[in-house]
Amino acid sequence: MAQLGVNIDHVATVRQARRTYEPDPVWAAALAELGGADGITLHLREDRRHIQDRDLRLLRETVTVKLNLEMACAEPVCRIALEVKPDQVTLVPENRQEVTTEGGLDLTTCRDRAAETIRKLKEAGIVVSLFLDPDEGQIALGKELGADAVELHTGCYALAKVGKARDAELVKLTKAGKVIVAAGLTLHAGHGLNYQNARAVADIPHMSELNIGHSIVARAIMVGFQTAVREMRDLIA
Ligand code: PXP
């Protein structure tokens, strides 16, 4: 059964809109746990547009489920990860202009930086997942560089029109999932998943973890955080 990692970045986005102290992502993480979250995910971006260093440090002390830190392959944030020691790091590409992460890592262009980052994190006992497009070459390279898991980027699936186009994207994800599992890596997925499209991805054989943020935070505004997480947990179970 796929586990649910609740991404709380957009709780911090609302806070940063006013540079104030509320809503606090630390509170949201506690409510997510009460709603059945298996993990809490956060992205410490270089530009600190939502999650702040203080959030990561407090969450490390308060979260009792898996703490998954998304970050770029960059020295300053890697130093913070090695200090705070999340349970898992998911390496993602980062571009200052983007509204959200726009695609998987391209390991062919950042191979050396990725290899160095993976090595340091693994030496510190941190599980390393790579956010990749459903591309066999990238998955093979991820394996070669020593990753433990691959999080498949589901953005194209989420954006595809319901019907043939979406079905084709699901086939791509399923095939890539097989390659990931055959390589001995753990299979994760995320990006753009919501209450309409997450179930089919959760049903991909050997799916171990889904990371979902925006749709849960959006629903939480209407029904409350704990309820929004519980509804998603029940849906993908
Ligand atoms: N997984 C990764 C690697 C991401 O970068 C993000 C967005 O921060 C998510 C999952 C969650 O995406 P969404 O907010 O669209 O659910």
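Start at 1 and go down the list; that is how both ligands and their atoms are numbered. Just so it is clear, the structure is predicted and the values come from calculations on it, not from any experiment.
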Practice item. Please confirm whether the backbone N or O of Asp53 pairs with a side-chain atom of Arg48, one donor and one acceptor, at under 3.5 Å? Key: no
Review point. Does a sphere of radius 6.0 Å around CZ in Arg54 hold more than 12 heavy atoms from other residues, nucleotides or ligands, not counting ones at 6.0 Å or beyond?
Key: yes
**Study point:** Close-contact set for ligand 1 against Asn211 heavy atoms, below 4.0 Å
**Key:** 10 (C), 11 (C)
Point to revise | Basic-acidic side-chain contact under 4.0 Å: Arg57, Glu83 | key: yes
Point to revise | Min N/O separation Gly213 to ligand 1 under 3.5 Å | key: yes
Check your understanding: Of all the non-hydrogen atoms in the protein, which one sits nearest to atom 1 (N) of ligand 1, and at what distance?
Key -> Glu151 OE2, 2.5 Å
Check your understanding: Is a salt bridge present between Glu144 and Arg111, judged by a nitrogen-to-oxygen distance below 4.0 Å?
Key -> yes
Review point. Any N or O of Thr90 that comes nearer than 3.5 Å to an N or O of ligand 1?
Key: no
Exercise for review: State the atoms of ligand 1, each with its element, that fall below the 4.0 Å cut-off from a heavy-atom position in Ile212.
Suggested key: 16 (O)
**Study point:** Contact (N/O only, under 3.5 Å) between Ser215 and ligand 1
**Key:** no
Check your understanding: Do Glu94 and His43 get their side chains close enough for a donor-acceptor pair, meaning under 3.5 Å?
Key -> yes
Exercise for review: Starting from atom 7 (C) of ligand 1, locate the nearest protein heavy atom and write down its residue, its atom name and how far away it is, to 0.1 Å.
Suggested key: His191 CD2, 3.8 Å
Point to revise | Check: Val63 and Glu33 side chains under 4.5 Å, non-hydrogen atoms | key: yes
Review point. Which atoms of ligand 1 are found less than 4.0 Å from any heavy atom of Asp9?
Key: 8 (O)
Practice item. Using a strict cut-off of 4.0 Å, indicate which atoms of ligand 1 neighbour a heavy atom of His214. Key: 13 (P), 14 (O), 16 (O)
Point to revise | Salt-bridge contact Glu123-Lys120 (side-chain N to carboxylate O under 4.0 Å) | key: no
Point to revise | Atoms of ligand 1, numbered as shown, that sit under 4.0 Å from any heavy atom of Val92 | key: 3 (C)
Review point. Where is the nearest protein heavy atom to atom 9 (C) of ligand 1: which residue, which atom, and how far?
Key: Glu70 OE2, 3.9 Å
Check your understanding: Within the side chain of Asn194, is there an N or O that forms a donor-acceptor pair under 3.5 Å with the backbone of Ser215?
Key -> no
Review point. Taking atom types as modelled and ignoring hydrogens, do the side chains of Asn68 and Glu70 form a donor-acceptor contact shorter than 3.5 angstrom?
Key: no
Point to revise | Proximal ligand 1 atoms for Asn7, defined as those under 4.0 Å from one of its heavy atoms | key: 8 (O)
Revision key, fill the gap. Near Gly192 (heavy-atom distance under 4.0 Å), the atoms of ligand 1 are 12 (O), 13 (P), 15 (O), 16 (O)
